[in-house]
Trainee: 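Starting off with a structure, shown below.
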Amino acid sequence: MESKKNLFEELQEKKQKLRSFAKKAFDQGWIAQADYEAIAAKIDNDSLTIGVIGQMKCGKSTFLNAFVFEDDVLPAATTPMTASLSVITYGERKELEAEFYTKDEWEELKMQASRNIADIENDPVELSKVKAAKELIEKSGALGMAICSLLGTKKKDNLGNLVEYVGADGKFVSITKSVRIYYPTEWLKGVEIVDTPGFNDPVVSREERTKEFLQKADVVLLLLYAGRAFDATDRDIVFEHVRSVGVGKILIGVNKYDLCYAEGETEEEITNNVAEEIKKACREYRDSLVNELLRNEKPVLFSASMALMGKMPLAKITADADYHFQWDRICDIFEISTQKQMLNKSLMGSLEESVRNVIEKSKYEILFRKPANMIQQSGLNARDDIARKLNDAKELVKSLEMPNDELHNKIEQLERAQRRVERKIERANQDLDERLDEISKQCVKSLSEAKDGFKQGVWKKIDTEKKSAIARNVRAECDKFMDRTVPEIIDKTKRNIRNAVTDQVESLLDEIKDVLRRYIEGSEDLIETFSMSMRKYVKEKDTAELNLDSLLLDSLFTWDDFKAAIPEYGDGGFLSGLFYSRNDVHAIFELGLEGINFTKVKSALDSKKRSIMELMNTESTSQIIKQLIEQLNAALDDEIKRQSQLEESRQNADKLGKELKAIEVQVKEMEAIKKQIA
């Protein structure tokens, strides 16, 4: 299990380094105490969530036993009704916490169980739910009157009693909605591994809990059975349920490859066969969203049972007839004889590497790179602030050392430069105002054109698809429009606005530099102060003023708004096409389209424009020259005060020079530490 420990121990090691990095930044005065505490809380509380999904008998329990426990801990779920949601995470001792159904959920289950099977014999999905509900209600009889006091509660227990909550004949299995398993393994700190029971659950609340966990998952691992990889059930899980959840990353593990290997297939042949089945399914379903998730994911072969036998106590294998039989069979097939060889041939290390690659692209970015970059930027800001103050001090010393007549001339030059700078800022504001208006209009135009394309795509589905396929294919068009097309337009708008501001700021700075060089001799220190002040202000305001995510998305319609505008919405309603002609479907769908209005987007952008414009007219930049003029005029009025101010400015410049050298050393040291984290 060395590769697994490397993966998650590395996560914990990086967390500790980030915590030390933040503490050092706090001690150096780079960040405030509140910032340090927020970063520490994020490190301690943020969870890496891995969702494990797949159909019954695909080996999820065996995989988790090998992956997490290195022993036979989780019992295999023998029926859908015993496969409750399980969440595995760190705990100081081995224990579990079971969450039981609420009274309302139990009543819902009883109503499901009361349905007549004869009425739903032609609906396999509903039939499965009703049968499972009936079995759960029947098994609940073992609890007697105690069931009333247990519903709606949670119960902690020893991990050794896990079978009572998730085993086929467990005492509490009938009322268990989910189980949280705590295990004292260090790499589980800040990690949640979710064993999902499935989607066609007899209790809606349990199915919703599964979807809730999958929506926040950093990695979703879909387990397939090598002997029948990506069959009809697997396709249903991916193209119907995973798509509706909105998962953004899917990793594909193909379990029990040893069975195909025993029949003479090579690893390459097994992988190619699975990949071909996935491609075939993508062609048949034509769901662009899911196809994109699957297109670049190469199936990873492994054997969970071989990995488990490579880690669990050897004595346990020899004492159990089933394990002993599997051991002998695998040793004969692969011509091996040791647990180390068994673990190596299980290919679990390959699956580990695939998980690592996905995690590094997402979780490390969120958990490590962003706070590390923020801390580093705080140090750079502190350095730039000192450098800016040093330039101010040098400029003041240089001016105070001038004879009175030269000082009078310098003040006149500064006043002329100040008037020119103010006019430049005013003109830059006008240019930015016009450019933001154009970006706003283009955003609304793009959204409107996308809506027209969306409408045409929906109309085509309604007119050409079989009635039985209308619901799925129309919803796929809607998901594509809401989840990809609209966000892409919003992202482009955000980039255009940020680029407009950046371009305008840089253009303004170039013009101001020309003004200062033309009117003020030896103005490089002043130019540097001006540049750093404006860039610093824009950078600080970038998050607050240019973060348009919530602003724009709040002003858009949502899929729920769309559904609300359509009467009798749902797979059993007009989308099924069962009770409506195609013309009727057109007319009803048109009601939903009427609710898609982009005027709010234009209003939202216009309301934000005023605050964005403030980036071009700030106290810290436009007042720099004015402040210097006031200091020099005061020095002219009082010769004694002038000498005192000159000496004070020299001392200040000397002090700031030393501070700048010190913080530059800190910046280099922190950059070296940061490389180990991010």
Side-chain angles (χ1 to χ4, degrees), residues 51 53 55-56 75 77-87 96-157 161-181 194-216 236-237 240-241 244-245 471 560 563-564 567-573 576:
I53 63 176
Q55 60 176 291
M56 295 291 294
T78 55
T79 67
M81 62 88 189
T82 62
S84 63
L85 179 112
S86 298
V87 180
L96 64 87
E97 182 178 56
E99 180 182 2
F100 300 131
Y101 297 126
T102 64
K103 292 180 180 180
D104 288 343
E105 290 167 343
W106 187 247
E107 289 301 317
E108 175 191 313
L109 190 66
K110 287 166 67 175
M111 289 181 62
Q112 184 81 284
S114 67
R115 297 176 65 182
N116 191 333
I117 288 182
D119 295 337
I120 52 174
E121 285 182 337
N122 295 325
D123 189 336
V125 174
E126 288 302 306
L127 184 62
S128 173
K129 289 184 177 183
V130 171
K131 284 184 175 181
K134 287 180 180 293
E135 189 170 354
L136 285 173
I137 296 297
E138 181 181 348
K139 283 182 176 292
S140 69
L143 292 172
M145 296 300 294
I147 191 173
C148 295
S149 62
L150 292 171
L151 292 175
T153 67
K154 295 181 180 180
K155 178 180 172 61
K156 287 191 175 183
D157 204 343
N161 296 326
L162 180 62
V163 68
E164 297 293 344
Y165 301 87
V166 298
D169 299 315
K171 179 180 179 181
F172 302 101
V173 68
S174 60
I175 62 171
T176 299
K177 178 164 63 174
S178 65
V179 175
R180 196 168 186 86
I181 298 171
V194 184
D195 179 14
T196 59
F199 293 89
N200 292 326
D201 201 291
V203 180
V204 174
S205 60
R206 193 164 68 176
E207 181 173 335
E208 289 303 313
R209 181 65 63 84
T210 297
K211 292 181 179 180
E212 177 187 329
F213 269 98
L214 287 181
Q215 283 173 332
K216 71 171 186 176
D236 183 65
I237 289 173
E240 296 297 332
H241 300 297
S244 68
V245 169
D560 288 337
K563 290 191 296 184
E568 302 180 73
Y569 172 83
D571 291 343
S576 67

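Owing to the predicted nature of the structure, the values given are computational and were not obtained by experimental measurement. Heavy atoms only: backbone and side chains are in, while hydrogens, waters and symmetry mates are out.
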Trainee: Tell me the closest heavy-atom pair linking Pro75 and Val163, and the distance in Å.
Mentor: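 Answer, listing the atom of Pro75 first, then Val163: CG-CA, 4.3 Å.
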
Trainee: Nearest 0.5 Å, please: how far is CE in Met145 from CG in Leu150?
Mentor: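 Leu150 CG to Met145 CE: 12.0 Å, rounded to 0.5 Å.
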
Trainee: Holding to side-chain hydrogen bond (donor to acceptor under 3.5 Å, both in side chains), I want the full list of residues that pass it with Asn161, two or more places apart in sequence or in another chain.
Mentor: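 Residues passing side-chain hydrogen bond (donor to acceptor under 3.5 Å, both in side chains) with Asn161: Asp157.
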
Trainee: Could you check whether Lys177 pairs with Glu99 (Lys NZ or Arg NE/NH1/NH2 to Asp/Glu carboxylate O, under 4.0 Å)?
Mentor: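 The answer is yes: the pair qualifies as a salt bridge.
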
Trainee: Measure across Trp106 and Ser174 and return the closest heavy-atom pair with its distance rounded to 0.1 Å.
Mentor: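 Here Trp106 and Ser174 meet closest at CZ3-O, 3.3 Å.
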
Trainee: To the nearest 0.5 Å, what is the distance between CD (Glu108) and CE (Met111)?
Mentor: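 So the CD of Glu108 and the CE of Met111 are separated by 8.5 Å.
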
Trainee: For Ile120 versus Arg115, what's the shortest heavy-atom pair and its separation?
Mentor: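 That closest heavy-atom pairing would be CG2-NH2, 3.3 Å.
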
Trainee: Taking side-chain hydrogen bond (donor to acceptor under 3.5 Å, both in side chains) as the test, write out the residues that go with Thr153, two or more places apart.
Mentor: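 Listed in chain order: nothing, the list is empty.
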
Trainee: Would you confirm whether Lys134, through its side chain, and Ala113, through its main-chain N or O, come within 3.5 Å as a donor-acceptor pair?
Mentor: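 The answer is yes, because a donor-acceptor pair under 3.5 Å joins these two groups.
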
Trainee: Step by step, work out the side-chain contact (heavy atoms from CB on, under 4.5 Å) result for Leu96 and Lys155.
Mentor: CA-CA 8 Å; Leu96 64 87; Lys155 178 180 172 61; over 6 Å; no

Trainee: Between Phe100 and Thr176, does a side-chain contact (heavy atoms from CB on, under 4.5 Å) hold up when you go through it step by step?
Mentor: CA-CA 5 Å; Phe100 300 131; Thr176 299; 3.7 Å; yes

Trainee: Locate the shortest heavy-atom distance separating Lys171 from Leu143; write the atom from each residue and the value.
Mentor: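 It is O-CD2, 3.6 Å.
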
Trainee: Considering all heavy atoms of both residues, which atom of Tyr101 and which atom of Leu109 are nearest to each other, and what is their separation?
Mentor: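 Closest approach of Tyr101 to Leu109: CE1-CD2, 4.5 Å.
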
Trainee: Mind checking what makes side-chain hydrogen bond (donor to acceptor under 3.5 Å, both in side chains) contact with Glu164, not counting sequence neighbours?
Mentor: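 Glu164 satisfies side-chain hydrogen bond (donor to acceptor under 3.5 Å, both in side chains) with no residue once adjacent residues are dropped.
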
